[in-house]
Q: 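Take a look at this one; I'll ask things after.
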Amino acid sequence: MAQTDPNCIFCKIVRKEISADEVLRDEHVVAFRDLNPQAPTHVLVIPTEHAAHLSDFMQQAPAQAAHLLAAASELGRRFGPGGYRVVMNEGADAGQTVHHLHAHVLAGRRMTWPPG
Ligand code: AMP
C-alpha cells in the first residue's frame, strides 16, 4: 500500500480531505495551483505516495519519481509554451516548507537567474 501521513497537508490534498485547484490527477501524481503563486502559472506536482524528499523518493520509488518529472514537463509545456521552470526545494537551506516532495512548475513570465 502507498505510504501516507495522516498529518501531512499534501497527503490531505491527495485524499481530497482539503480542497485544491487541481490541474492533473492520476494514480501516481496530483498537480494543483500554489496558494501563493510566484508566476502567472505556479503549479505544484506531488506524488500520491508520501515522501519528504527527492533523495528518499529516488530510493523508495524511482519509477514514480520519473513519472513526477514527466508530469511536470507536460504541465510546463501546457502552461508555458514560451518556457517554464521546474524547482524542487529540499531541506532548510533550500527553503522547503512542506515536507512532502513537490515540484514547482512556474510559467507565464520571464524568469531571472540566479534564483533568490
Ligand atoms: P516549498 O517552500 O518548496 O516547501 O513550497 C511549498 C509551497 O506549498 C509554497 O509555495 C506554498 O505556497 C504552497 N502551499 C502550501 N499549502 C498549500 C495548499 N494547501 N495549497 C496549495 N499550495 C500550498
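Just so you know, ligand 1 is whichever comes first in the structure, and atom 1 is the first atom listed for that ligand.
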Q: Could you tell me the residue and atom name of the protein heavy atom closest to atom 20 (N) of ligand 1, and the distance to it rounded to 0.1 Å?
A: Leu35 CG, 3.3 Å
Q: Give the atoms of ligand 1, by number and element, whose distance to some non-hydrogen atom of Asn36 is under 4.0 Å.
A: 12 (O)
Q: Relative to the heavy atoms of Arg33, which atoms of ligand 1 are at a distance of less than 4.0 Å?
A: 21 (C)
Q: Any idea which protein heavy atom is nearest atom 4 (O) of ligand 1, and the distance to it?
A: Thr97 N, 2.7 Å
Q: Checking Asp5 against His99: is there a side-chain donor and acceptor pair closer than 3.5 Å?
A: no
Q: Spell out, as yes or no, whether a donor-acceptor pair under 3.5 Å connects the side chain of Gln64 to the backbone of Pro47.
A: no
Q: How does Leu44 reach ligand 1, if at all, at less than 4.0 Å between non-hydrogen atoms: by side chain, backbone, both, or neither?
A: side chain
Q: Just to confirm my output: which protein heavy-atom neighbour is closest to atom 16 (N) of ligand 1, and how far is it?
A: Phe10 CE2, 4.0 Å
Q: Mind checking the CG-CG spacing from Leu54 to Leu69? Nearest 0.5 Å is all I need.
A: 7.5 Å
Q: Checking a contact table here: which protein heavy atom is nearest atom 5 (O) of ligand 1, and how many Å away?
A: His102 NE2, 3.1 Å
Q: Can you label the angle between the His50 ring and the His100 ring as parallel, tilted or perpendicular, going by 30° and 60°?
A: perpendicular
Q: Can you find an N or O of Gly95 that's nearer than 3.5 Å to an N or O of ligand 1?
A: yes
Q: Give a yes or no on whether the backbone of Pro62 and the side-chain of Gln60 come within a donor-acceptor separation of less than 3.5 Å.
A: no
Q: For atom 3 (O) of ligand 1, tell me which residue out of His104, Lys12, Gln96 has the closest non-hydrogen atom.
A: His104
Q: Among all the protein's non-hydrogen atoms, which is closest to atom 9 (C) of ligand 1, and how far away is it?
A: Asp34 OD2, 3.4 Å
Q: What I'd like to find out is whether the side chain of Leu101 reaches to under 4.5 Å of the side chain of Phe10, using heavy atoms alone.
A: no
Q: Please confirm whether the backbone N or O of Thr41 pairs with a side-chain atom of Arg109, one donor and one acceptor, at under 3.5 Å?
A: no
